[in-house]
Every structure is written in structure tokens, then in C-alpha cells.
Amino acid sequence: MTVDKDVEMNKVGLIQRGLAVTFALMLSAVTGQAAVAANANGENSQGSAAQGARQLDHQASQLRQGVSGSGAQVIRTATTVRLELPNALLFGNDSSTLSDGVKPVLGKVASALSDFPDTQVLVTGYTDNTGSAKYNRQLSQLRAQAVANYLTEGGIPYKRLHIEGKGATNFVASNATRQDREKNRRVTITLVPPQYRDQVIQGQISAEQYVPGQGDPDAQRDPSGQQLPDQAVPGQSLPSQDIPGQ
């Protein structure tokens with residue numbers, strides 16, 4: 001009986017040791033697979049980031065070709081491409097009617113945007129600080145709307161556009177001189193990466209939450225992320241007010 005018990009105990013010990021070895025091998029295999037998967041995910045992430053950077057470079061290059069010699073400026077940030085159109089190129093004094101001279105430029109911009117159908121496009125108007133905040137916001141909204149309307153005439157679907165007038169905010173100059181105020185009166189067209197598109201459409205994030213990047217002037221201008229104004233109705237008239245220089 002004692003011998004039988006010893007044999008049984010030995011069998012149990014062998015089984016336990018066998019199970020332990022098997023578990024260790026299985027754990028090692030799972031750990032190895034996880035490490036391989038992590039490395040693969042890391043490589044995919046790096047590859048995706050590199051592809052995104054190349055796409056932004058291509059978009060910036062296309063826009064620069066389209067606006068070359070016009071006075072517009074293309075800014076390539078870490079996450080977006082932004083086109084800055086000075087008001088002198090776009091509108092007359094205190095007006096939201098596009099000048100004839102800028103229409104060929106906007107036509108080329110629309111053509112470039114058509115090459116990137118997955119991007120969301122922000123069209124944003126700004127003014128200097130002359131006049132009331134309400135008036136400036138309305139004027140900037142109508143100017144942004146005018147630019148957006150022309151882009152749609154050039155074939156850009158309206159659903160791709162996010163239009164806002166921010167009035168006297170996000171200054172690029174001090175407003176202390178006439179030249180500075182001219183710099184602040186502008187409309188920007190920002191190409192937004194696809195990963196942010198749905199959040200913009202649903203209003204979950206504002207423009208300032210993702211436009212700023214390394215070397216992006218907006219990162220130092222207006223980090224408030226204030227509530228966006230309602231979109232203007234095309235053709236809406238401005239209240240009568242004499243605003244010199246706008």
C-alpha cells in the first residue's frame with residue numbers, strides 16, 4: 001500500500017510539473033505574440049504618421065502653386081495646411097462682395113481642394129478691432145461665407161465646408177497702425193485631416209483645439225476655443241454702420 005501511494009504521489013508530482021511547464025510555454029508564446037503585435041502596431045502608427053505628413057506636404061505644395069504671386073500665404077502646421085488670404089485681395093472697403101481679381105485664385109484653390117476629397121475645409125473670416133464686436137463678427141461671417149460660396153461654385157461640396165466669422169480675434173498684428181490692421185483683415189482656408197472631420201461636423205471640438213501645431217502662429221494667438229457664431233445666410237445684409245478701413 002505504501003508503494004502504491006508513493007507511485008500515485010510521483011504521478012501527481014509529474015502531472016503538476018508537466019502542467020507548470022506547459023503553462024510557462026503558453027505564457028511565453030502569448031507574451032511573444034503580444035510583443036510582435038505591439039511592434040507591428042508601432043510600425044503601423046509610424047507609417048500612418050509618415051503618410052499623413054507626406055499628404056500634408058503635398059496639399060501645401062498644391063496650394064502654393066495655385067496662389068503663387070497672389071499675395072496669399074500657405075502655412076504648413078504639424079496637423080493642418082492653412083491658406084491665409086489678405087482682405088485687400090478679396091474685398092473692397094467694408095464689403096463682403098468678392099473682387100473679380102481674386103476669383104481666378106479661388107478657382108485654383110477649389111481645384112486643389114478637389115484633389116483631397118477626404119479633408120474637411122474650414123473657412124474663417126477675421127477683421128481688425130475697428131468698430132463694434134457684433135458688427136465685426138457679422139462682417140467676418142459674411143466674408144467667410146462669400147469665399148465658401150465661390151468654392152462650392154468651383155465644385156467643392158458644401159458639406160465639406162465649416163464656415164465661421166470670428167471678428168476681431170486671432171490677430172497677426174497689433175492693430176496699432178493702418179498696415180497692421182490690414183494684416184488682421186483676412187479669410188483663412190484650413191484643410192483638416194480626416195481623423196478630426198467627424199468631430200468638427202458634430203461640434204465636439206472647436207477649430208482652435210486642433211489647428212495649433214509646432215510653428216503655427218494660431219498657437220499663440222487665440223487659445224480660448226470660444227463658442228462659434230451661427231453660420232450666416234448667403235446674401236444677408238449688414239447693418240448700416242460706417243466702419244473706416246474694414
Side-chain angles (χ1 to χ4, degrees), residues 48-91 96-126 140-166 170 172 183 185-201 205 207-219 221 231-232 234:
S48 178
Q51 182 179 2
R54 288 192 296 270
Q55 184 180 29
L56 287 174
D57 289 339
H58 181 54
Q59 292 174 351
S61 177
Q62 288 283 90
L63 284 177
R64 287 192 181 100
Q65 291 177 21
V67 302
S68 177
S70 68
Q73 182 182 13
V74 177
I75 299 174
R76 160 73 157 87
T77 76
T79 55
T80 66
V81 173
R82 187 173 67 254
L83 174 63
E84 300 228 355
L85 297 160
N87 192 68
L89 176 66
L90 294 166
F91 305 103
S96 59
T97 300
L98 285 173
S99 68
D100 291 336
V102 78
K103 291 179 180 178
V105 176
L106 290 179
K108 293 179 180 179
V109 171
S111 178
L113 294 178
S114 296
D115 293 337
F116 316 114
D118 292 334
T119 58
Q120 182 77 8
V121 181
L122 301 184
V123 183
T124 311
Y126 301 97
S140 64
Q141 182 76 48
L142 290 175
R143 285 174 170 174
Q145 189 75 54
V147 171
N149 289 345
Y150 200 84
L151 293 178
T152 62
E153 292 178 15
I156 303 303
Y158 197 83
K159 65 181 181 180
R160 286 184 60 191
L161 304 177
H162 182 81
I163 306 153
E164 55 182 317
K166 296 186 71 68
N170 285 34
V172 295
K183 292 177 182 177
R185 299 192 295 269
R186 68 201 190 281
V187 173
T188 64
I189 299 174
T190 305
L191 278 63
V192 182
Q195 59 265 37
Y196 295 113
R197 182 182 58 189
D198 291 340
Q199 292 169 286
V200 172
I201 294 173
I205 58 176
E208 274 69 30
Q209 286 181 274
Y210 59 84
V211 171
Q214 296 296 326
D216 178 9
D218 273 351
R221 291 185 204 160
Q231 291 193 1

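For the numbers below, each heavy atom of this structure counts, side chains included, while hydrogens, waters and symmetry mates do not. Being a predicted model, the structure only gives us computed values, none of them experimental.
Residues I75 and Q73 have side chains in contact (heavy-atom distance under 4.5 Å, counting atoms from C-beta outward). Using a 4.5 Å cut-off on side-chain heavy atoms (C-beta onward), Q59 and R64 make no contact. Side-chain contact between R76 and L56 is present, with at least one heavy-atom pair separated by less than 4.5 Å. Within the 4.5 Å cutoff, the side chain of V67 has heavy atoms near those of the V105 side chain. Here the side chains of H162 and V123 are not in contact, with every heavy-atom distance at 4.5 Å or above. In this structure the side chain of T190 never reaches within 4.5 angstrom of the side chain of V121, judged on heavy atoms.
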- Given the rule in the side chain to side chain contact (heavy atoms under 4.5 Å, CB included) test, do R143 and N87 qualify, once you have shown the distances and angles that lead to the verdict? CA-CA 9 Å; R143 285 174 170 174; N87 192 68; 3.2 Å; yes
- Check step by step if side chain to side chain contact (heavy atoms under 4.5 Å, CB included) holds for F91 and L98. CA-CA 5 Å; F91 305 103; L98 285 173; 3.6 Å; yes
- Could you walk me through whether L85 and L90 pass side chain to side chain contact (heavy atoms under 4.5 Å, CB included), step by step? CA-CA 7 Å; L85 297 160; L90 294 166; 3.7 Å; yes
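When all heavy atoms of A110 and I156 are compared, the pair lying nearest together is O-CD1, 3.3 Å. When every heavy atom of A144 is checked against every heavy atom of G125, the shortest pair comes out as CB-N, 3.6 Å.
For D100, the salt bridge (charged side-chain N to carboxylate O under 4.0 Å, His left out) partners are K103, not counting sequence neighbours. Remark: F116 engages H58 in a ring-ring contact (aromatic ring centres under 6.0 Å, His included) (not counting sequence neighbours). Scanning for side-chain hydrogen bond (donor to acceptor under 3.5 Å, both in side chains) contacts around Q62 gives D115, with sequence neighbours left out.
Atom CD in E84 sits 10.5 Å away from atom CD1 in I189 (nearest 0.5 Å). Taking CG of L83 as the start and CG of L122 as the end, the distance is 12.5 Å to the nearest 0.5 Å. Atom-to-atom distance recorded for R160:CZ and L151:CG is 9.5 Å, nearest 0.5 angstrom. Atom CZ in R185 sits 13.0 Å away from atom OG in S140 (nearest 0.5 Å). Here L142 contributes atom CG and I163 contributes atom CD1; the two are 11.0 Å apart, rounded to the nearest 0.5 Å. Between atom CG of residue L191 and atom OG1 of residue T77 there is a gap of 10.5 Å, rounded to the nearest 0.5 Å.
No donor-acceptor distance shorter than 3.5 angstrom exists from the side chain of R82 to the backbone of V74, with no hydrogens or angles considered. Side chain of T152 to backbone of N149: a donor-acceptor contact under 3.5 angstrom is found. Checking side-chain atoms of S99 against main-chain N and O of L89 turns up a donor-acceptor pair under 3.5 Å.
There is no side-chain donor-acceptor pair under 3.5 Å between S114 and S111.
Among the candidates T124, N170, V147, the single residue satisfying the side chain to side chain contact (heavy atoms under 4.5 Å, CB included) test with T188 is T124.
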